[in-house]
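In what follows, a single structure is set out as structure tokens and then discussed.
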Amino acid sequence: MCRWAAYRGTPIPLEQIISAPGHSLVEQSQQATQAKTATNGDGFGVAWYGEHPEPGLYRDVLPAWSDCNLKSLARQIRSPLFLAHVRASTGGATSRDNCHPFVNGRWSFMHNGQIAGFEKIRRPMETALSDRLYQARHGTTDSELLFLLAIEFGLETDPAAAFGEAIRFALSEAARAGVRELVRFTAAFSDGETLHAIRYSNDDYAPTLYSAPTCNNQGHCLVSEPFHDTDTKWHEIPAGSIVTLTAGGISSARFAPVQVAAVKVAEVA
């Protein structure tokens with residue numbers, strides 16, 4: 001399983017999330033505490049928003065702790081919204097094209113989780129893509145394919161419904177192929193204005209997700225596991241939730257792919 005962190009708020013240097021905190025994302029690439037594997041060394045990536053509608057993107061196959069450029073770039077680049085990811089592969093080669101985040105137009109996406117039996121249902125899932133989105137698929141991971149399917153199913157207009165349909169489609173193809181029907185999905189994604197995250201699994205083991213105001217309340221952070229910061233009050237996001245961060249704050253809604261749409265249930269402080 002992978003580790004990731006996402007931020008939205010006042011522009012800050014990327015290092016304030018990626019490398020500076022205690023138990024930062026770089027540290028989690030070596031010593032994760034809430035994942036199946038402690039080491040997440042199969043590459044890393046960062047997508048950040050700045051002067052252009054589409055995000056900047058930096059990815060490499062090196063472990064995050066050994067890339068000499070990452071800390072330097074994270075110290076110099078400031079952004080009001082960014083996604084950062086360290087990878088522990090559950091399938092797919094260690095290549096730049098398989099490193100998260102994935103970008104398409106102004107959208108960025110990263111994921112922690114898996115589709116069971118993916119290689120047996122990969123072909124029919126790819127067939128559901130339009131020619132344009134199939135040509136945009138550069139890697140071989142289930143994560144990138146779920147992202148492109150969500151775009152196919154209406155990510156621009158209804159993110160919750162689009163990812164709900166992508167997950168439903170994966171489960172239906174698994175049933176058709178006679179393989180285990182299992183999707184574990186904790187993901188963050190953004191169009192450069194709004195930051196979303198979903199925590200979901202169709203069993204009892206949804207990958208972890210936490211949220212907290214951060215950087216002296218300059219913004220809000222979503223993470224796979226908390227940093228070691230006594231001044232930050234982390235809140236665990238329940239499984240079966242989608243959270244949305246805008247300029248107006250953070251809200252939470254129910255996420256249930258077996259239903260037609262997510263239903264709003266709460267506001268998160």
Side-chain angles (χ1 to χ4, degrees), residues 4 6 83 90-92 100-207 209 222 237-245 251-265:
W4 59 253
L83 285 64
T90 56
H100 307 223
F102 303 101
V103 168
N104 187 276
R106 62 195 178 102
W107 286 94
S108 57
F109 169 86
M110 61 186 178
H111 171 230
N112 175 30
Q114 67 181 121
I115 301 174
F118 174 63
E119 288 304 321
K120 294 185 178 180
I121 62 174
R122 173 179 164 183
R123 182 174 178 180
M125 289 180 66
E126 290 179 337
T127 301
L129 295 174
S130 65
D131 288 344
R132 178 184 71 85
L133 289 173
Y134 183 79
Q135 291 167 8
R137 178 156 162 76
H138 302 298
T140 59
T141 64
D142 52 357
S143 302
E144 182 191 30
L145 185 49
L146 281 171
F147 173 44
L148 294 173
L149 283 169
I151 296 173
E152 188 74 54
F153 296 151
L155 181 61
E156 286 281 349
T157 57
D158 191 335
F163 273 106
E165 183 58 32
I167 290 170
R168 281 195 296 269
F169 183 68
L171 292 171
S172 69
E173 289 302 322
R176 191 190 308 274
V179 299
R180 185 182 180 191
E181 298 171 44
L182 174 64
V183 172
R184 291 177 181 159
F185 184 86
T186 294
F189 51 100
S190 179
D191 61 358
E193 295 292 335
T194 302
L195 175 61
H196 305 272
I198 292 172
R199 183 185 181 197
Y200 171 79
S201 178
N202 67 320
D203 67 2
D204 294 329
Y205 301 100
L209 178 61
L222 299 167
I237 302 299
S241 299
I242 178 170
V243 295
T244 302
L245 278 72
S251 63
S252 175
R254 183 180 180 188
F255 181 78
V258 296
Q259 298 178 359
V260 175
V263 178
K264 188 171 183 181
V265 294

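Along the sequence shown, residues are numbered consecutively beginning with 1.
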Are the side chains of Val179 and Phe118 in contact, using a 4.5 Å heavy-atom criterion?
no
Please tell me if the side chains of Asp142 and Val183 come closer than 4.5 Å, counting only heavy atoms from C-beta onward.
no
What's the shortest heavy-atom distance between [X] and [Y], and which atoms?
X	Y	result
Ile121	Ala177	CG2-CB, 3.9 Å
Ala206	Ala239	CB-CB, 3.8 Å
Arg184	Ser201	CG-OG, 3.2 Å
Met125	Glu173	CG-CG, 4.4 Å
Arg122	Thr140	NH2-CG2, 3.8 Å
Phe255	Ala160	CE1-O, 3.3 Å

Under the criterion side chain to side chain contact (heavy atoms under 4.5 Å, CB included), I'd like the reasoning laid out for Ile115 against Leu146: C-alpha separation, chi angles, the key distance, then a yes or no.
CA-CA 10 Å; Ile115 301 174; Leu146 281 171; 3.8 Å; yes
Does Arg132 have any side chain to side chain contact (heavy atoms under 4.5 Å, CB included) partners at least two apart in sequence or in another chain, and if so, which?
Asn104, Ser130, Ile151
With no hydrogens and no angle check, is any side-chain donor or acceptor of Arg199 less than 3.5 Å from a backbone partner on Pro207?
yes
Measuring from atom [atom1] of [X] to atom [atom2] of [Y], what distance do you get when rounded to the nearest 0.5 angstrom?
X	Y	atom1	atom2	value
Leu155	Asp191	CG	CG	8.0 Å
Glu144	His138	CD	NE2	7.0 Å
Ile237	Thr186	CD1	OG1	10.5 Å
Ser172	Ile167	OG	CD1	12.0 Å
Tyr134	Leu148	OH	CG	11.5 Å
Asn112	Ser143	CG	OG	8.5 Å

Do NZ/NE/NH1/NH2 and the carboxylate oxygens of Glu126 and Arg123 come within less than 4.0 Å?
no
After noting the C-alpha distance and the side-chain angles of Lys120 and Arg180, does the key distance pass the side chain to side chain contact (heavy atoms under 4.5 Å, CB included) rule?
CA-CA 10 Å; Lys120 294 185 178 180; Arg180 185 182 180 191; over 6 Å; no
Please list all pairs passing the ring pair (Phe, Tyr, Trp, His ring centres under 6.0 Å) test where one or both residues lie in residues 157-196, with sequence neighbours left out.
Phe109-Phe163, His111-Phe185, Phe163-Phe185, Phe163-Phe189, Phe189-His196
Looking at Phe147 versus Phe102, is the centre-to-centre ring distance below 6.0 Å?
no
